[in-house]
Amino acid sequence: GQADTTCHAFVGDTVILPCTTTSPGELILSNSILYWQIGHSVLVHFFDKGHDSLDLQDKRYDGRTSLFLDQMKHGNFSLKLSNVQLLDTDVYTCIYKQTGDHPKQTQKSKINLIVSAPPNIEEPPSPSGHSQISSRSPADAPCLAMLPLAFHLLVTLGVWHL
């Protein structure tokens with residue numbers, strides 16, 4: 001399946017991987033299970049019945065993930081990933097299940113995270129005083145929706161920086 005959203009970040013950034021549920025009204029977190037994972041085996045973050053449960057969390061993500069606990073009851077299951085690394089480039093799946101008396105169907109969304117090396121900012125300014133590199137970077141937007149043209153431009157710019 002296609003990723004629902006693509007996010008871009010530079011190494012060392014903090015990125016928010018968006019995930020929201022469409023359930024109306026407040027959610028009962030003690031009846032909620034939320035997984036963030038890669039593929040079928042890498043557990044990035046697990047929230048179970050009102051609490052983070054990180055015993056089985058993949059060691060790569062230790063201490064780098066958090067949820068917006070104050071916003072979860074309103075359906076915001078976004079994951080905050082800090083100190084992003086090149087190895088974090090992957091497709092993340094957000095899986096939400098409601099348990100209890102009225103179990104609802106599982107909701108899933110996929111977020112494609114693309115991590116780039118930070119732009120090289122040690123270059124001295126050019127003698128003419130005209131910088132050709134725009135100061136706006138993909139990191140200005142927390143997450144970019146999948147737009148093939150924008151994606152193509154980012155790839156082109158990214159290759160140009162190398």
Side-chain angles (χ1 to χ4, degrees), residues 1-118 136-155 157-158:
Q2 274 290 82
D4 299 324
T5 309
T6 296
C7 291
H8 296 269
F10 290 119
V11 170
D13 280 356
T14 294
V15 69
I16 294 169
L17 304 180
C19 180
T20 53
T21 180
T22 52
S23 301
E26 289 202 0
L27 302 168
I28 301 164
L29 294 184
S30 59
N31 287 351
S32 301
I33 298 174
L34 175 68
Y35 295 88
W36 273 95
Q37 66 187 40
I38 298 170
H40 296 290
S41 57
V42 179
L43 185 63
V44 179
H45 199 100
F46 180 46
F47 180 88
D48 185 22
K49 300 181 183 72
H51 302 284
D52 285 332
S53 179
L54 303 178
D55 301 344
L56 300 173
Q57 181 184 44
D58 190 272
K59 298 285 174 262
R60 279 193 311 161
Y61 296 96
D62 188 28
R64 296 198 298 132
T65 61
S66 62
L67 301 169
F68 296 90
L69 297 174
D70 55 331
Q71 297 172 30
M72 286 181 69
K73 65 176 182 269
H74 304 297
N76 180 358
F77 302 131
S78 301
L79 181 77
K80 186 167 151 185
L81 178 60
S82 57
N83 191 19
V84 176
Q85 302 300 314
L86 286 173
L87 284 173
D88 294 336
T89 295
D90 218 318
V91 176
Y92 292 74
T93 308
C94 169
I95 303 167
Y96 170 72
K97 292 180 188 169
Q98 189 108 35
T99 60
D101 302 335
H102 306 287
K104 296 204 174 83
Q105 65 187 50
T106 301
Q107 296 188 352
K108 271 189 185 186
S109 60
K110 289 182 186 279
I111 291 87
N112 184 19
L113 176 61
I114 299 169
V115 181
S116 316
R136 185 167 169 75
S137 73
D140 290 349
C143 201
L144 300 174
M146 189 58 144
L147 298 169
L149 179 64
F151 183 70
H152 179 74
L153 288 170
L154 284 170
V155 169
L157 286 170

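All of these numbers come straight from a predicted model, not from anything done at the bench. Side-chain atoms are counted along with the backbone in the values below, which use heavy atoms only and exclude waters and symmetry mates. Residue indices begin at 1 and follow the sequence shown.
Panel note: side chain D88, backbone Q85; a donor-acceptor pair is recorded below 3.5 Å. When atom types are taken as modelled, the side chain of R60 and the backbone of V42 share no donor-acceptor pair closer than 3.5 angstrom.
Annotation for L86 and S116: closest pair CD2-C, 3.9 Å, computed over non-hydrogen atoms. The two residues N83 and G12 come nearest to each other via the heavy atoms OD1-CA, 3.7 Å. Here the closest heavy-atom approach between residue R64 and residue V84 is recorded as NH1-CA, 3.9 Å. What you find for S78 and F68 is that their closest heavy atoms are O-CD1, 3.6 Å.
For the atom pair T93 OG1 and I111 CD1, the distance stands at 7.5 Å (nearest 0.5 Å). Of the inter-residue distances, the one linking Q57 atom CD with L43 atom CG reads 7.0 Å to the nearest 0.5 angstrom. In this structure, CG in D48 is found 10.5 Å from NZ in K97, a value given to the nearest 0.5 Å. Of the inter-residue distances, the one linking Y92 atom OH with L79 atom CG reads 8.5 Å to the nearest 0.5 angstrom. Taken to the nearest 0.5 Å, the CE atom of M72 stands 5.0 Å off from the CG atom of L34. Between the NZ atom of K80 and the NE2 atom of H45 there is a distance of 12.0 Å, given to the nearest 0.5 Å.
Contact check for S32 versus Q98: side-chain heavy atoms found under the 4.5 Å cut-off. Between C7 and L17, the closest side-chain pair of non-hydrogen atoms falls below 4.5 Å. No side-chain heavy atom of S66 sits less than 4.5 Å from a side-chain heavy atom of S82. A heavy-atom distance below 4.5 Å is found between the side chains of L69 and F47.
Ring geometry, F77 versus Y96: the interplanar angle falls under 30°, so the pair is classed parallel (tilted spans 30 to 60°).
Considering T65, D52, I33 in turn, I33 is the only one that fulfils the side chain to side chain contact (heavy atoms under 4.5 Å, CB included) rule with F46.
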Side chain to side chain contact (heavy atoms under 4.5 Å, CB included) evaluation trace for Q107 with I95: CA-CA 6 Å; Q107 296 188 352; I95 303 167; over 6 Å; no
